[in-house]
Number of protein chains: 2
Amino acid sequence: MSDPPLTVTLQDVARHAGVSKMTVSNVINNKPGMSPATRERVQRAIDETGYVVNAAARVLAGGRMNLLGVITPRINWPFVTEILHGASSVVENAGLDLAIFTTADNPRVERERATLLRTLADGVLLIIPAADEHQVFGPTPVVTIAGDGPYTVSVDDEQGGRLAAQHLLSLGHTRIAHIRGAITTSRHDARDRERGFRTALQDAGVDLPDHLVRDGQYTEDGGERAARALLTLPEPPTAIFAANDRSAIGALHAAEALGVRVPEQLSIVGYDDVQIASLARPALTTIRQPLQAMGERAALTLLDLTRGVTPAQAHTRFPAALVVRDSTAPPVREVTVSP
Amino acid sequence: MSDPPLTVTLQDVARHAGVSKMTVSNVINNKPGMSPATRERVQRAIDETGYVVNAAARVLAGGRMNLLGVITPRINWPFVTEILHGASSVVENAGLDLAIFTTADNPRVERERATLLRTLADGVLLIIPAADEHQVFGPTPVVTIAGDGPYTVSVDDEQGGRLAAQHLLSLGHTRIAHIRGAITTSRHDARDRERGFRTALQDAGVDLPDHLVRDGQYTEDGGERAARALLTLPEPPTAIFAANDRSAIGALHAAEALGVRVPEQLSIVGYDDVQIASLARPALTTIRQPLQAMGERAALTLLDLTRGVTPAQAHTRFPAALVVRDSTAPPVREVTVSP
DNA sequence: TTGTATGCGTTATCAG
DNA sequence: CTGATAACGCATACAA
């Protein structure tokens, strides 16, 4: 017995089966029009030699990679994992793979990933991109989630902000505060949520003074600090709309620490509806983003593009939805002191 | 002006700069020994043409990919994301990329990912593998986290179980229950935790009757159901050790629903120390796995291997650690009825 | 310091 | 239905 080569190639298998390289290649790629006999024989040779295709060579030769790339700032954000969950179900159903790359929000890294995937993947999913990278991709199709581009999937954050305000207003609140998200130049989610919130209050004739708006930076700590400041005001708010669930949880903890009962003395509305929202006590009323559906839609659009099919629509905008749980209730009646 | 080609190659850049392909290649790969003048000129040509390397061609020609592959069942498990967080910091510091592939716990898919990465990546990180895939990789180095293989990183689950028991015993508990994790053939984490727990109780001469051990399946629902069953026993336990934080949260909710106060009437210990453990109220006492450190160590080992360096040790086993928060306390004194 | 020749493993194309 | 040939874009080895 001679030693097998370290890396088995198509050529090796061909020799082993007594056919040409192309026949082996055709068997591997399930090309139609081959005699079952040779197909069988080649298959055996493949198994016996332990052959595995060389992905790089396949790509270089113009073959399909059956691979979709994902570029995302981080993967430990629930926002991202839920989207990926939706996308991967669609992609795997179609028999393709998902390769996920993180950028740590660094535009330079994002660009590197883009150049890599451009040649490696059949298409690319861009989640919350930090910069405009569309030109980099050349002929490789790209779908963007929560960002700009020729094909996008997004959620109506302004409407989400409005929903939060309307819910609190309908409960009878009039002194309502906002814990703002992180404001950055490249993203507008925090700004959109605040704008929608403000608009709805204005429409109802309810005032939102500046001292009732605090930065929460989307973090638990930020939410807790902001809520502490709000609750120790001479005239504290009876309700708070936090720009995401994490900062809402922080607000929940601040209330607990200060002996303010939720929802009896304070109503809190979050945003996102990630896991912790339903696990928290009291369970959080929040604005739900259909993250999984967004991931699915993005994947479907991308699959269309990779197949040369024009997608039904280039831009999909999903509505946000109110999820009422246990952290909101009507405000306490003002105690009227009888003279 | 003539239209630039759809995909710019080294050749194009070389023509543009009036040099040969190799000079351009050398500039790109920062080879030493070139006149600054040509380097400068080539660089300009690269920028002007918008050239990006073709990763596939580079690999095929024997170049390094600067890419490490990750194969993991899922990415929306906190257990996994924390590990990846640790690994990516190390990898990016070394100037490489991390490409993450999910398998949905399907051995067939796992195998496909393996064959893909084998030719694409310089090395592969296998997280909680569902099957033994080491042979598939040939010369590509592999490091396994929470699984078997020539190079592994793991945590001492048996010791973790012991820690949980010892903590509860030291508080004075003697009627202690266990909510078990999911028992599968390919993994031994749940079994190890239970074994360590049992051993420590035994060593202390404390009995663990069968009816005080319930399946929790690592889920919130499972934990809640198990705790409900335990707490409605004629003689309910004064403490529960849940095999992970999720099922511990479920137990917390069950206690709340039944009006059992934690930690006054019931102590609960979780396992993992993921985010929800510290966010829960009361904050969860739990057994911490150094997930980030595990990811870092695995990445370092893998980097060594890709560079042909023999790692300091082939198998690293991290200790678990007890994190005491607010969900554990001494048991209530038995009410002694005076005659 | 720069250029030339060669081959990596695969698939498309077209001939048999 | 199967086989020969020519790319694909790059880097290694060596020559100039």
Side-chain angles (χ1 to χ4, degrees), chain A residues 4-43 45-46 49-67 115-116 118-120 122 138-140, chain B residues 4-43 45-46 49-67 115-116 118-120 122 138-140:
Chain A
L6 224 69
T7 144
V8 183
T9 76
L10 224 43
Q11 189 65 259
D12 298 322
V13 179
R15 244 197 308 274
H16 196 89
V19 295
S20 81
K21 288 198 306 186
M22 275 323 297
T23 307
V24 180
S25 174
N26 287 335
V27 169
I28 287 168
N29 295 311
N30 278 315
K31 299 279 181 192
M34 311 193 44
S35 83
T38 48
R39 166 163 279 149
E40 157 83 14
R41 189 150 45 94
V42 168
Q43 187 56 55
I46 291 174
T49 53
Y51 168 82
V52 294
V53 325
N54 182 318
R58 196 211 285 270
V59 172
L60 189 56
R64 293 190 68 68
M65 195 60 186
N66 288 338
L67 188 80
T115 63
L116 180 71
R118 176 199 140 103
T119 53
L120 225 58
D122 302 332
T140 308
Chain B
L6 226 67
T7 143
V8 184
T9 76
L10 269 188
Q11 189 66 257
D12 299 321
V13 179
R15 245 197 308 272
H16 197 88
V19 296
S20 82
K21 286 200 309 185
M22 277 325 297
T23 306
V24 180
S25 173
N26 287 335
V27 169
I28 287 167
N29 296 313
N30 278 316
K31 297 280 181 195
M34 310 194 45
S35 81
T38 48
R39 167 163 280 148
E40 157 82 14
R41 189 149 45 95
V42 168
Q43 188 55 57
I46 291 175
T49 52
Y51 169 82
V52 292
V53 315
N54 182 321
R58 170 180 287 179
V59 171
L60 191 56
R64 296 190 68 68
M65 194 63 182
N66 288 339
L67 188 81
T115 62
L116 179 72
R118 176 200 142 103
T119 51
L120 222 59
D122 302 333
T140 307

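In the text below, chain A, chain B and the rest are named by the order of the sequence lines, each starting its count at 1.
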Between [X] and [N], does any side-chain N or O lie under 4.0 Å from OP1 or OP2?
X: A/Ser20; N: D/dG3; answer: yes
X: B/Lys31; N: D/dA11; answer: no
X: B/Ser25; N: D/dA11; answer: yes
X: B/Thr23; N: C/dG3; answer: yes
X: B/Thr38; N: C/dT2; answer: yes

Original post:
Taking the nucleotide of DNA chain D with the closest heavy atom to each, which residue, A/Ser35 or B/Gln11, is nearer the 5' end?
Top reply: A/Ser35
Hey, does [X] reach any base, or is it just sugar-phosphate, or nothing, if we go heavy atoms under 4.0 Å?
X: B/Leu10; answer: sugar-phosphate
X: A/Met22; answer: base
X: A/Asn26; answer: nothing
X: B/Val53; answer: sugar-phosphate

Compare every heavy atom of [Y] with every heavy atom of [X], then report the nearest pair and how far apart it is.
X: A/Val24; Y: A/Val42; answer: CA-CG1, 3.9 Å
X: B/Ala55; Y: A/Thr119; answer: N-OG1, 3.3 Å
X: B/Ala45; Y: B/Thr49; answer: O-OG1, 2.8 Å

Output the rounded distance in Å from [atom1] ([X]) to [atom2] ([N]).
X: A/Lys21; N: C/dT11; atom1: NZ; atom2: P; value: 10 Å
X: B/Asn54; N: C/dG9; atom1: CG; atom2: P; value: 17 Å
X: B/Arg58; N: C/dG9; atom1: CZ; atom2: C1'; value: 18 Å
X: A/Asp122; N: C/dT11; atom1: CG; atom2: P; value: 13 Å
X: B/Ile28; N: D/dG9; atom1: CD1; atom2: P; value: 14 Å
X: B/Arg15; N: D/dG9; atom1: CZ; atom2: P; value: 12 Å
X: B/Asp12; N: D/dG9; atom1: CG; atom2: P; value: 9 Å
X: B/Leu60; N: C/dT10; atom1: CG; atom2: C1'; value: 8 Å

Subject >> A/Arg58 versus A/Asn29, side-chain donor and acceptor atoms under 3.5 Å >> reply: yes
**OP:** For B/Ala57 and for B/Val19, locate the closest nucleotide of DNA chain C by heavy-atom distance; then report the residue assigned to the nucleotide nearer the 5' terminus.
**Re:**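 By nearest-heavy-atom nucleotide position, the 5'-most residue is B/Val19.
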**OP:** For B/Arg118 and B/Thr140, indicate whether the former's side chain and the latter's backbone hold a donor-acceptor pair under 3.5 Å.
**Re:** no
